[in-house]
Amino acid sequence: MSQLTETAVKGPHSNLREKYGCLIGGEITGSGSGNTFPTINPATGEKLADVPDCDARDVNRAVEAAQKAYPGWRRLTPMERAEYCRRFAARLRERADVYAMLDALDSGNTVKAMRQDVANAARLHDYFAGLAPELKGETIPANTQTFNFTLREPFGVVGRITPFNHPILFAASRLAAPLVAGNTVVLKPAEQTPLSALEMAHDLKEIFPPGVVNVISGDGPQAGAPLVKHPAVRRVAFTGSVEVGREIMRAAADGLKTISLELGGKNPMVIFPDVDLDQAVASAFNGMNYCWVQGQSCGSTSRLFLHADIHDAFLARLTERVKAVRIGLPTDEATEMGCLVSQQQFDKVMSYIELGKKEGAQLVAGGGKPSNPELQCGYFVLPTIFDQVDYRMRLAQEEIFGPVQSVITWKNLDELIPMANSVLYGLTASIWTRDFAAAYRLAQEIEAGYVWINDSSRHFTGVPFGGYKQSGLGREESYSELLSYTQIKSINVNLA
Ligand code: NAI
Ligand code: MG
């Protein structure tokens, strides 16, 4: 029996462990206080497991373990460190079904989508492993009497904090660059979705030397904040909300730490009148990531700028597509769209739907829970489209982080550009037209770090991903991510 059918026969819950622990110094362990917190299945409300509720003392233990492992790890060659990441990538692929099912249970994302996330995480490990020989310096012809050269050295201990929307993808993939560069890591996954990272702890324990990667579960203020503040943590990498991003920046200022931040988005998709409607409609649907994370993505193109000439035809087709979405239990292979991660996310999304109505936008699809009886206990929200949105409405300015798309009508490019750039964010943008000159002009004018022309949603390994403005600092999934985990040391040899 294949692993897949075996899982189907035994049921999703067969992937759960009786007990979950953190990984500190190569040991699976509870929190020092013995405290735990429950993690729930947002599709059903059932409790899945109790996980360690770590605090500052556990952070200290984990950082000390990472410090202890650091000298040995950094003395390996980059190629030797890369070999560990390759083995880990292989393990992720072997156990993809387990990880995908845990995320489906814990986060509300579909098992199908999470299998893709595991594959992406594995690919990024292989990618950074392949870049290992590029951890090289330069020689500088400064003076004939000296030999001047640079080395790329690691920082030491990296603190890595991840959000709930792509649990295993963010927890696993963002270990690769710091590790290949020679750092050791303390990872803290989101409190809503800790299970896949705690499962990963067992694979990390088998593959990496003790202390090279440590995993602690706990909430932001209690476990995340001390990790950011710990004096031995010299580099902090964060993915999550803008508010917490700001807090991390402030906290990092005291220790003058190097940080990278991957934060929110309120991204524009601009449709010109000359497009193939079927292709562009499919892309507007995919760009919302309804069938990946129920729209809970920083990269979702949630502001849809439709040219007045095609507005009605486009919206009719898009509405038809979202109404056909198969919303269902995330663990079910046939489900296209799962549920939101928590009561808090559900309340937030519903409050924006109410706000949109109050602001005078016109609801044309979704707007609430599906009627399926089996989905009544979960945080399910139908894909929701508002038409007649003014770009200044809060609905069109603030990140909702859910399945809500706002349609704004435009007529000429000079008016469109300031509307598209009117938000605090600048992560992604999508442009649909056959007129390459217009597309290229808009791509240059738009304030965003990742622009698609005649595409949306997809990430390409090696292409720098990150935000302009308040969408963040730094670029990931690329060579720049690897370099961001190094610092330059210049060495000057007197030859005279
Ligand atoms: P969050 O930013 O509060 O949490 C992300 C991570 O940061 C979690 O691991 C959390 O424990 C940790 N954290 C929280 N406070 C911290 C602190 N003071 N110091 C260190 N770590 C801390 O995001 P949350 O509450 O899960 O979601 C709220 C909103 O944030 C969403 O509705 C969405 O708008 C946005 N968000 C954006 C994400 C993105 O990918 N850009 C991902 C997750 C959330
Ligand atoms: Mg959960």
Side-chain angles (χ1 to χ4, degrees), residues 37 39 42 51 53-56 59 106-109 117 159-167 169-171 173-174 186-194 196-198 215-230 233 236-252 254 257 259-267 289 292-300 302 340-352 379 381 394 397-404 423-428 449-450 459 465-467 469-474 476-477:
F37 65 95
T39 187
V51 304
D53 193 6
C54 294
D55 59 23
V59 169
D106 207 11
S107 74
N109 298 337
D117 274 12
R160 172 71 182 133
I161 297 170
T162 57
F164 61 74
N165 55 339
H166 291 282
L169 172 64
F170 283 145
S173 67
R174 268 45 165 189
V186 177
L187 166 72
K188 194 209 82 64
E191 54 271 31
Q192 299 90 341
T193 55
S196 55
L198 298 179
V215 185
I216 52 169
S217 50
D219 76 5
Q222 199 182 296
L227 178 60
V228 174
K229 289 191 193 113
H230 196 294
V233 173
V236 177
F238 173 75
T239 307
S241 64
V242 172
E243 285 127 57
V244 175
R246 288 194 195 107
E247 267 179 57
I248 285 177
M249 204 166 184
R250 279 187 213 107
D254 282 337
K257 299 179 187 205
I259 60 172
S260 53
L261 304 171
E262 215 269 83
L263 308 176
K266 187 75 179 181
N267 310 299
N289 301 307
W292 195 7
V293 286
Q294 295 67 247
Q296 301 168 115
S297 166
C298 49
S300 298
S302 54
L340 303 182
V341 73
S342 63
Q343 180 79 51
Q344 195 190 334
Q345 276 299 115
F346 180 83
D347 292 344
K348 181 178 175 192
V349 169
M350 291 309 295
S351 78
Y352 273 103
Y379 305 121
V381 177
R394 284 182 56 201
Q397 288 284 322
E398 298 174 15
E399 184 180 47
I400 300 172
F401 218 64
V404 183
V423 294
L424 287 178
Y425 302 100
L427 191 56
T428 71
Y450 207 81
H459 288 221
F465 186 87
K469 301 199 281 190
Q470 296 198 23
S471 288
L473 280 180
E476 298 185 323
E477 302 170 15

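Ligands are counted one by one from 1 in listed order, and the atoms in each one are counted from 1 as well.
- Checked options K266, R394, K348; the residue passing with I400 is K266 (criterion: side chain to side chain contact (heavy atoms under 4.5 Å, CB included)).
- By the 4.0 Å heavy-atom criterion, Q192 is counted among the residues contacting ligand 1.
- Counting only heavy atoms of the protein, atom 3 (O) of ligand 1 lies nearest to V244 CG2, 3.5 Å.
- Numbered from 1 in the order shown, with element, the atoms of ligand 1 that lie under 4.0 Å from a heavy atom of G264 read 41 (N).
- Taking every heavy atom of both residues into account, K257 and V228 meet most closely at NZ-O, 2.8 Å.
- Residue contacts with ligand 1 leave out F170, since none of its heavy atoms falls under 4.0 Å from the ligand.
- A 6.0 Å sphere centred on CD of Q343 holds more than 12 heavy atoms belonging to other residues, nucleotides or ligands.
- Contact record, L427 with C298: CD2-O, 3.4 Å, taken as the closest heavy-atom pair.
- Close approach of ligand 1 to G240 is summarised as follows: ligand atoms under 4.0 Å from at least one heavy atom of the residue are 2 (O), 36 (N), 37 (C), 38 (C), 39 (C), 41 (N), 42 (C), 43 (C).
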* Asked: Does the side chain to side chain contact (heavy atoms under 4.5 Å, CB included) test come out yes or no for F401 and F164, once each step is laid out?
  -> CA-CA 11 Å; F401 218 64; F164 61 74; 3.5 Å; yes
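- Counting only distance, with no hydrogens or angles, the side chain of S300 and the backbone of G295 share a donor-acceptor pair below 3.5 Å.
- Contacts with ligand 1 closer than 4.0 Å are made by backbone heavy atoms (N, CA, C, O) of L263 only, the side chain lying farther away.
- For ligand 1, none of its N or O atoms has an N or O atom of Q344 under 3.5 Å away.
- Of all heavy-atom pairs spanning A197 and L187, the tightest one is CB-CD2, 4.5 Å.
- Contacts of N165 with ligand 1, taken as heavy-atom pairs under 4.0 Å, involve the side chain alone.
- At under 3.5 Å, not a single nitrogen or oxygen of D219, backbone or side chain, sits near a nitrogen or oxygen of ligand 1.
- Of the protein's heavy atoms, F164 CE2, 4.0 Å lies nearest to atom 24 (P) of ligand 1.
- Comparing E399, K229, E398, R250 by heavy-atom distance to atom 34 (O) of ligand 1, the nearest is E399.
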* To do: Start with the C-alpha distance between V381 and Q294, add both sets of side-chain angles, then the distance that settles side chain to side chain contact (heavy atoms under 4.5 Å, CB included), and finish with yes or no.
  => CA-CA 8 Å; V381 177; Q294 295 67 247; over 6 Å; no
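- Looking at ligand 1, you'll find an N or O of G220 within less than 3.5 Å of one of its N or O atoms.
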* Asked: side chain to side chain contact (heavy atoms under 4.5 Å, CB included) between L198 and V215: does it pass, once the steps are laid out?
  -> CA-CA 7 Å; L198 298 179; V215 185; 4.1 Å; yes
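- Distances from atom 19 (N) of ligand 1 to the heavy atoms of A171, A223, G159, A225 show the closest one on A225.
- For I216 against C54, the heavy-atom pair with the smallest separation is CB-SG, 3.9 Å.
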* Check step by step if side chain to side chain contact (heavy atoms under 4.5 Å, CB included) holds for Q192 and S107. => CA-CA 7 Å; Q192 299 90 341; S107 74; over 6 Å; no
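- Residue-ligand proximity, Q345 to ligand 1, at heavy-atom distances under 4.0 Å covers atoms 31 (C), 32 (O).
- The contact set between ligand 1 and F238, taken as ligand atoms under 4.0 Å from a residue heavy atom, comprises 2 (O), 5 (C), 6 (C), 7 (O).
- Those atoms of ligand 1 with a heavy atom of P163 less than 4.0 angstrom away are 42 (C), 43 (C).
- Heavy-atom contacts of C298 reach the following atoms of ligand 1: 39 (C), 40 (O), 41 (N) (cutoff under 4.0 Å).
- Looking at K348, E262, R246, Q296 and measuring to atom 32 (O) of ligand 1, the nearest heavy atom belongs to K348.
- The T162 neighbourhood of ligand 1 comprises atoms 6 (C), 8 (C), 9 (O), with distances under 4.0 Å to a heavy atom of that residue.
- Atom 13 (N) of ligand 1 is flagged as protein-proximal [any protein heavy atom, distance under 4.0 Å].
- Across Q397 and Y425, no two heavy atoms sit closer than the pair O-CE1, 4.0 Å.
- The nearest pair of heavy atoms linking G218 to K188 is O-NZ, 2.8 Å.
- Considering only non-hydrogen protein atoms, atom 44 (C) of ligand 1 sits nearest to F401 CE2, 3.8 Å.
- With hydrogens and angles left out, the side-chain atoms of Y379 and Q345 include no donor and acceptor closer than 3.5 Å.
- The protein heavy atom nearest to atom 18 (N) of ligand 1 is E247 OE1, 2.9 Å.
- The residue from R160, E191, H166, K266 that puts a heavy atom closest to atom 10 (C) of ligand 1 is E191.
- For ligand 1, the atoms lying closer than 4.0 Å to a non-hydrogen atom of G224 are 19 (N), 20 (C), 21 (N).
- Scanning the protein heavy atoms around atom 30 (O) of ligand 1, the nearest turns out to be S241 CB, 2.8 Å.
- At most 12 non-hydrogen atoms from other residues, nucleotides or ligands lie less than 6.0 angstrom from NZ of K229.
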